[in-house]
There are 2 protein chains.
Amino acid sequence: MTGENGIQAVDRAFDIVESLTELNGAGVSELARHVGLPKSTVHNHLNTLERAEYVVHEDGEYRTGLKFLQISESARNQHDLYQVARPEVDQVVEKTGEISALMAEEHGRGVFIYRNRGSEAARIDTCVGDRVPIHCTALGKVILAFLPEQRRQEIIDHHGLPAVNHNTITDRDVLAQELETIRDEKIAYDDEERLNGLRSVAAPILDGSGSVIGSISIAGPTHRMQGDRFQTELPEIVLGTANVIELNHQHS
Amino acid sequence: MTGENGIQAVDRAFDIVESLTELNGAGVSELARHVGLPKSTVHNHLNTLERAEYVVHEDGEYRTGLKFLQISESARNQHDLYQVARPEVDQVVEKTGEISALMAEEHGRGVFIYRNRGSEAARIDTCVGDRVPIHCTALGKVILAFLPEQRRQEIIDHHGLPAVNHNTITDRDVLAQELETIRDEKIAYDDEERLNGLRSVAAPILDGSGSVIGSISIAGPTHRMQGDRFQTELPEIVLGTANVIELNHQHS
DNA sequence: GAGAATCGTTCCACGGTGCTGAACACTTAT
DNA sequence: ATAAGTGTTCAGCACCGTGGAACGATTCTC
């Protein structure tokens, strides 16, 4: 499921944890079936994980523990982007009433670091922590555009350009050309390339030396994301916010 | 560091991850020294963890990866308390301008599930994901008070009543008596028992069958937490909010 | 109620595997 | 140029994680 050869016991432990999150808690037998291992092995792992408090054993069921919260908060704060940008995202939400999100790149995929939405905003599928192909989002494309040439090629070579949707860009040349204009405008658009009915605008967030550390976006239902608002107003807001974040980031 | 006997490789992997968060990223040698293992062993673990994307290898340094965010979000959402209560906490913050937080119990300790603060509110040390002894917080005491007698004894037996502060309750009888009055009033107070200069009020959040699933609090600097506000006004707010959360929780 | 089929847990012997220390290339100080 | 520091690779041995079978305890099914 995970890699090809690493420490077997560790790979298995994480397979079990991941299965546990997918199943939203489960018993030993159910888990054993799900990961394709004998009950005793799974039991052994669960015991270990529980003793380390990464797993909780309640009401005859095992669940993933909140100790992961401690680690993930620390991981998120190591991207110092998060601490600086979070309040700005909240402000964008207040100003626009739509969805605003923060993304960082990791292992060639886009990770939602933070997300907030106005009360009238679209219900959306993505959650904080979700990992999506980087070429199918405004947030991702804008990161990709500002990454060093070499890294960009590595990522595309490794992950390819799978079609997530009938609008997804799957051609390298088409993508390359779009990334070019993204670099010029410092703005990326997503016209329902990942989710039908959802459009978004995103801007890059650069550090002092000019390398991307993440991106910020505004997203909403297509019928509200049109004309001048989509072409001018929202891009200006998101670009302005990105600049504020960059400034605050450098003085921290 | 972790347990006494479980799967060695798994325990070590998590030791390494924890060290990585403590050190805010590190190299192989530094890590090896920190966990007291040969470089090669640590290297092997880091490779495994990186391949599974739980660790990132950048600029010649290893850091904890954002994949933990995915798991922790899932773990947090399994406590369905979080989804329901989060907006209510935000409202309390808006109403009072102080700090409001959400806690759940796990492995006998109190875990901060969510926290928010007004712009004028006290700077505070605790973060989401932090795990604190359960007897030294209003949030924790109120959970302890409403836990089944047996569980409560287990927790106290296992963890004891360590003094976090010169005000911390360390006597079992004194604690038992306070828990009694907490059960009566459905309100717990923390009078600088964990942090000097910080007072707080907390109320329990019960599910349909009457068992605690968590607690909610308002906290602030002692000089603002006094008189009628501390004795009546804030307790009423926190209790009312807890009730709203309980209602929303049952209809979800 | 008896029986079958779950469940979770415990045990032990075997074989595979994670551990280790040494050797490697490489950069940075001295 | 030497030395001390990195990170990485390799291979053999001891050990430890593995998985099958057997255990009680529940919960179904008839």
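Atom set for the values below is all heavy atoms of this structure, side chains included, hydrogens, waters and symmetry mates excluded.
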Presence of [X] side-chain N/O under 4.0 Å of [N] phosphate oxygens OP1/OP2:
X	N	value
A/Y62	C/dT9	yes
A/R33	C/dC7	yes
A/H43	C/dT9	yes
B/R12	C/dT20	yes
B/H57	D/dT8	yes
B/S40	D/dT8	no

When you get a sec, tell me which of [options] is the closest nucleotide to the side chain of [X]?
X	options	answer
B/K39	D/dG20, D/dG7, C/dC19	D/dG7
B/L37	C/dT20, C/dC19, D/dT18	C/dT20
A/P38	D/dG17, D/dT8, D/dG19	D/dG19

> Do the side chain of A/S74 and the main chain of A/Q70 share a donor and acceptor less than 3.5 angstrom apart?
Replying inline: no

> Short question: side chain of A/S100, backbone of A/S217 - any donor-acceptor pair under 3.5 Å?
Replying inline: yes

> Are any of the side-chain heavy atoms of A/F146 and A/L179 separated by less than 4.5 Å?
Replying inline: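 They are not in side-chain contact.
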
>> Less than 4.0 angstrom from a charged side-chain N to a carboxylate O is my criterion; do A/R183 and A/E178 meet it?
In response: no

>> Any salt bridge linking A/R109 with B/E53? Criterion: basic side-chain nitrogen under 4.0 Å from a carboxylate oxygen.
In response: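 A salt bridge is absent here (no side-chain N lies under 4.0 Å from a carboxylate O).
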
Between [X] ([atom1]) and [N] ([atom2]), how many Å, whole number?
X	N	atom1	atom2	answer
A/N44	D/dG20	CG	P	15 Å
A/E50	C/dG8	CD	C1'	13 Å
A/D11	D/dG17	CG	C1'	14 Å
A/L31	C/dC7	CG	P	12 Å
A/N47	C/dG8	CG	P	13 Å
A/Q8	C/dG16	CD	P	11 Å
B/I7	C/dG16	CD1	P	18 Å

Under 3.5 Å, which protein N or O atoms sit close to an N or O of nucleotides 25-27 of chain D? Give each pair with its distance.
none

> Taking atom types as modelled and ignoring hydrogens, do the side chains of B/T126 and B/D130 form a donor-acceptor contact shorter than 3.5 angstrom?
Replying inline: no

>> Using the rule given for side-chain contact (heavy atoms from CB on, under 4.5 Å), can you reason through A/H43 versus A/Y62, listing the C-alpha separation, both sets of side-chain angles and the distance that settles it, and then say yes or no?
In response: CA-CA 10 Å; A/H43 185 71; A/Y62 290 89; 4.2 Å; yes

> NA contact type, A/S29, heavy-atom cut-off 4.0 Å: base, sugar-phosphate, or nothing?
Replying inline: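 Sugar-phosphate: the residue A/S29, judged by heavy atoms under 4.0 Å, touches backbone atoms but no base.
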
> Starting at the 5' end of DNA chain C and moving along, which residue's nearest nucleotide shows up first, A/A26 or A/A9?
Replying inline: A/A26

